[in-house]
Every structure is written in C-alpha cells, then in structure tokens.
There are 2 protein chains.
Amino acid sequence: MEAAAQETRILDAAETLFYGRGLQAVGMAEIRDASGASLKRLYQLFPSKDHLVEAYLRRRDVRWRASLAGHVEDQPSGEDRILAVFEWLGSWFREPGFRGCAFVNSFGELGATSEPVAIAARDHVEALKDYLARLVSEAGHSAWLAQSLLLLVEGAITTAAVSDDSAAADHARETARKLLELDSASSSSSAPGRG
Amino acid sequence: MEAAAQETRILDAAETLFYGRGLQAVGMAEIRDASGASLKRLYQLFPSKDHLVEAYLRRRDVRWRASLAGHVEDQPSGEDRILAVFEWLGSWFREPGFRGCAFVNSFGELGATSEPVAIAARDHVEALKDYLARLVSEAGHSAWLAQSLLLLVEGAITTAAVSDDSAAADHARETARKLLELDSASSSSSAPGRG
DNA sequence: AGCGTAAGAGAACGGTGATTCTCACGCAAG
DNA sequence: CTTGCGTGAGAATCACCGTTCTCTTACGCT
C-alpha cells in the first residue's frame with residue numbers, strides 16, 4: 001500500500017483513539033492494530049509517538065476549522081454567520097463520542113511537559129480567535145466582541161464536555177445574540193459591511 | 001508523625017505535582033519524595049493512586065471554591081460580588097504555575113477511562129454553577145444569567161491557560177458587566193447602561 | 001531464475017511505574 | 001530482657017510501553 005494512504009489510515013486511527021481516550025492512554029501497538037499498518041511502517045512515517053501526537057493535533061486543527069467554516073459559510077448574513085458558529089457547536093456536542101476540545105484536553109494532559117503540544121493548542125485557540133475576529137469584523141461589529149465570543153465558545157465546549165450537556169451551545173448562542181444586539185446599539189456604524 | 005498530618009502533607013505534594021504536571025506524568029515515588037512519607041504509609045492512607053487522585057480533586061474543589069467565596073464575600077453589593085468572581089480569576093491566572101482548571105485538565109486526561117475523575121470534574125462544575133446561580137439570584141438577576149457567567153468563567157480559565165493570557169479575566173469581567181446591564185434593563189427597574 | 005531490497009509479524013530490549021515484599025529496627029507490654 | 005507489632009527504606013515484582021531488532025517472505029529487476 002502506498003505511504004500516503006497508510007499515513008491517512010494511521011492518522012485516522014490515532015485521532016479516534018487519542019481523542020477518545022487520551023494521549024497517554026493509547027499505545028503505539030493499539031494504533032498499529034487499528035490502522036492495520038505495521039510498527040515498522042508506523043515509525044517510518046512518524047519517527048516517534050511525539051511526532052504522531054503532533055501530527056494528529058495539526059491535522060485535527062485544520063479539519064476542525066474547515067468543518068466550522070463550512071457550516072458558517074452556509075449563512076449569508078454577517079450576524080447569522082456568527083450565530084451559526086454556535087449551531088455548529090451544538091451539532092458537534094451531540095455527536096456520539098464528543099469529549100471536549102482535543103487541544104484543551106491535550107494541553108491539560110501534556111502541555112506542561114511537551115512544548116509541541118502546548119504550542120499546537122495555543123495555535124489552535126489563536127486560529128479560532130482570528131476566525132471569530134474575521135466573522136465579527138465582516139458583520140460590522142467591534143473587534144472587542146470577538147474575544148467575548150471566544151470565551152463563550154471555549155466555555156461552551158468545556159461545559160458541554162464535562163457536564164455532558166449539549167444545551168451549552170444553545171445558551172452560548174443566546175448569550176452571543178444578546179452581545180450582538182448590545183454591540184449594535186453601542187457602535188451602530190463602526191465598520192462597513194464587507195471587506 | 002500522626003496520620004492526619006501525613007495525609008495533609010501527601011495531599012499537598014500530590015496537588016502541587018498533579019496540577020503542575022498532570023496525573024499520569026507524576027509517579028507515586030515522586031509523591032513519596034515530595035511528601036516525606038514512606039511508600040508504605042502512602043498506601044496505608046490511600047489504597048491506590050486512583051484513590052489519591054480522587055482525594056486530590058475533592059480537596060482541591062473544596063479549597064478552590066472556598067477561596068473564591070472568600071474573595072467574593074469581601075464585596076457588599078450583589079453585582080460587585082459577581083464581578084469579584086472575575087477579579088479573583090485574574091489574580092489566580094497571574095499566579096506562577098497557573099495551568100488552567102485542575103478538573104478540566106483531569107477530565108481531559110482520564111475522564112474517558114476513570115469514572116471517579118469524570119464525576120469529580122462534573123461535580124466541580126456543577127458546584128460552581130450553583131454558586132454563580134446563588135450570586136446571580138442574590139443580585140436580583142435572572143437565573144438565565146448564571147449559565148452565561150459559567151460559560152464566561154470556564155472560557156476565561158481555558159483561554160488564559162492555553163494562551164497564557166491573564167487578560168482573559170478582564171475581558172470576561174467586562175463581558176459579564178455588559179450582560180448584567182442588559183439583564184437589569186430587560187428584567188425590571190434599572191438605570192441605563194453606563195456606556 | 002537469482003539477487004537485493006523492503007515489508008510485515010512479532011520478539012526483544014530498556015526503561016518506567018504501581019504495588020508489594022523484605023528486613024532491620026524502635027518501642028511498648030509482659 | 002524479650003517478644004512482637006508497626007515502621008521506614010528500599011528492593012523486588014509484575015506489567016506495560018516506546019522503540020528497535022530479527023527473521024522470513026514477497027516482489028522488482030535483470
């Protein structure tokens with residue numbers, strides 16, 4: 001089998017296992033079994049478990065944000081796009097096996113001992129923040145709002161995971177809606193509609 | 001040395017190490033060394049590492065909420081008490097060694113494989129939610145607001161930890177202040193927002 | 001067909017960690 | 001004093017895990 005396809009299968013297996021059970025709870029042998037690759041191939045493609053963990057996080061970051069953006073872009077209006085973030089969150093929370101933010105979980109588990117993991121988590125949050133800032137800006141709202149939305153998103157993910165309560169997404173959305181109204185009232189004509 | 005004092009020293013050592021580096025990254029031998037107790041004593045007081053982890057989480061929950069409540073109660077007015085939550089958060093974030101929420105971290109690391117850990121984390125969030133609900137109620141605000149505050153608090157903790165940015169507390173406080181104003185305006189008698 | 005290379009299966013290695021066991025010792029009761 | 005229990009220090013045990021090595025097989029190329 002070609003290397004690229006095996007790399008995909010390995011990363012698929014790693015993602016399912018790492019996300020579902022935690023980084024340290026999953027051994028290389030289990031990833032080998034789940035991916036169908038041999039240990040030798042595994043180590044050829046990823047020279048160590050650390051490399052595999054980082055690759056898992058990097059790929060998940062890209063896919064997670066692409067999925068979010070995909071849903072958001074179904075909405076035409078700027079404010080609806082912002083609210084769509086929370087609807088996407090809600091559908092994610094309701095997926096079986098939802099277990100919170102892979103990056104926050106990984107940060108909590110290994111952030112203190114692994115620079116790459118800590119950096120990957122930070123990059124992910126940073127990228128999310130930038131994305132929210134863009135949505136907020138395109139909707140003609142103040143940049144300040146973006147940080148509030150980030151807090152709501154992160155808070156909803158954490159709360160939904162720990163309390164196993166997908167309604168956190170709905171509540172976050174309603175809170176965001178109020179903030180949006182408030183922001184419209186206070187800075188009515190701050191930015192032109194679209195860039 | 002009496003058992004109670006040793007138990008305290010063990011839990012102190014466990015808390016520092018578990019919180020600072022993660023549950024699985026810390027071995028019993030290290031806790032033995034840091035606490036000064038013997039391995040035999042350690043296992044007498046906590047029959048397994050799982051027991052010690054749970055005891056660590058339970059004690060930390062009580063202390064964490066007591067510390068929060070202590071700061072909050074310095075404020076006389078209902079709304080100031082709510083805002084004091086975020087000021088307390090800010091001073092926590094600025095402490096050296098701050099590494100996010102012990103419960104969220106533990107949940108991410110072992111929540112999938114350890115019921116006691118998952119339950120301890122959930123209980124902690126639940127207790128925090130109840131506390132916020134009480135503050136909100138005592139300030140004469142709608143119960144709805146409490147859940148929004150919970151999202152802001154959790155979001156601020158996560159963001160501050162991952163992005164190493166203690167300003168998340170300030171932003172969460174300002175967001176909370178706006179929500180408070182909005183809630184005053186919508187629920188009943190109140191002054192206009194202060195702009 | 002014959003040779004060289006790469007691959008897979010799985011054993012082996014080196015290290016670590018949770019938990020238990022050994023042993024020598026202090027001390028209290030007889 | 002002696003006996004026996006509880007203790008601390010640390011070795012021993014048992015299992016697991018990341019990583020590497022071995023051996024055998026399969027295949028490409030000439």
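Keep in mind that what you see is a predicted model, and the values were worked out from it rather than measured. Because only heavy atoms are used, hydrogens play no part in the values below, and waters and symmetry mates are left out as well, while side chains stay in. A, B, ... follow the sequence lines: proteins, then strands. Residue 1 opens every chain.
Both the sub-6.0 Å distance and the 45° axial angle are not jointly satisfied by A:R65 relative to the ring of A:Y131. A cation-pi arrangement is present between A:R60 and A:Y19, with the terminal nitrogen or guanidinium carbon under 6.0 Å from the aromatic centre and inside a 45° cone about the axis.
The closest side-chain donor-acceptor pair between B:Q75 and B:R81, if any, does not fall under 3.5 angstrom.
Between the NE2 atom of A:H51 and the P atom of D:dG18 there is a distance of 15 Å, rounded to whole Å. In this entry the distance linking CD1 of A:I31 with P of D:dC17 reads 11 Å, nearest Å. Between B:Q24 atom CD and D:dC17 atom P there is a gap of 11 Å when expressed in whole angstrom units. Atom CZ in B:F46 sits about 13 Å away from atom P in C:dT19, given to the nearest Å. Straight-line distance from the CZ atom of B:R32 to the C1' atom of D:dG10: 8 Å, rounded to whole Å. In this structure, B:R41 places its CZ atom 18 Å from P of D:dG10, rounding to the nearest Å. Spacing between atom CD of A:Q6 and atom C1' of C:dG8 amounts to 10 Å, rounded to whole angstrom units. Going from atom CG of B:D33 over to atom P of D:dA9 covers 10 Å, rounded to whole Å.
Other residues, nucleotides and ligands place more than 12 heavy atoms under 6.0 Å from the CD atom of B:Q44. Within a 6.0 Å radius of CD in A:E73, other residues, nucleotides and ligands contribute more than 12 heavy atoms.
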Taking only nitrogen or oxygen atoms into account, show me every contact under 3.5 Å that the protein makes with nucleotides 25-28 of chain D, one pair per line with its distance.
none

Produce the list of close N/O pairs, under 3.5 Å, pairing protein atoms with atoms of nucleotides 19-22 of chain D; give distances to one decimal.
| residue | atom | partner | partner atom | Å |
| --- | --- | --- | --- | --- |
| D:dT19 | OP2 | A:Y43 | OH | 2.9 |
| D:dT19 | OP2 | A:K49 | N | 2.8 |

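Under a 4.0 Å N-O distance rule, the pair A:R21/A:E30 qualifies as a salt bridge. Ion pairing of B:R134 with B:E138 is present here, as a side-chain N (NZ or NE/NH1/NH2) and a carboxylate O approach within less than 4.0 Å.
Taking the centre of each ring, B:H124 and B:F103 come in below the 6.0 Å mark.
Within the structure, a side-chain polar atom (N or O) of B:Q44 is placed less than 4.0 Å from OP1 or OP2 of D:dT7.
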Please tabulate, for the side chains in residues 86-94 of chain B, all donor-acceptor contacts under 3.5 angstrom to protein atoms that are two or more places apart in sequence or on a different chain.
| residue | atom | partner | partner atom | Å |
| --- | --- | --- | --- | --- |
| B:W88 | NE1 | B:S67 | OG | 3.0 |
| B:S91 | OG | B:W88 | O | 2.9 |
| B:R94 | NH1 | B:G90 | O | 3.4 |

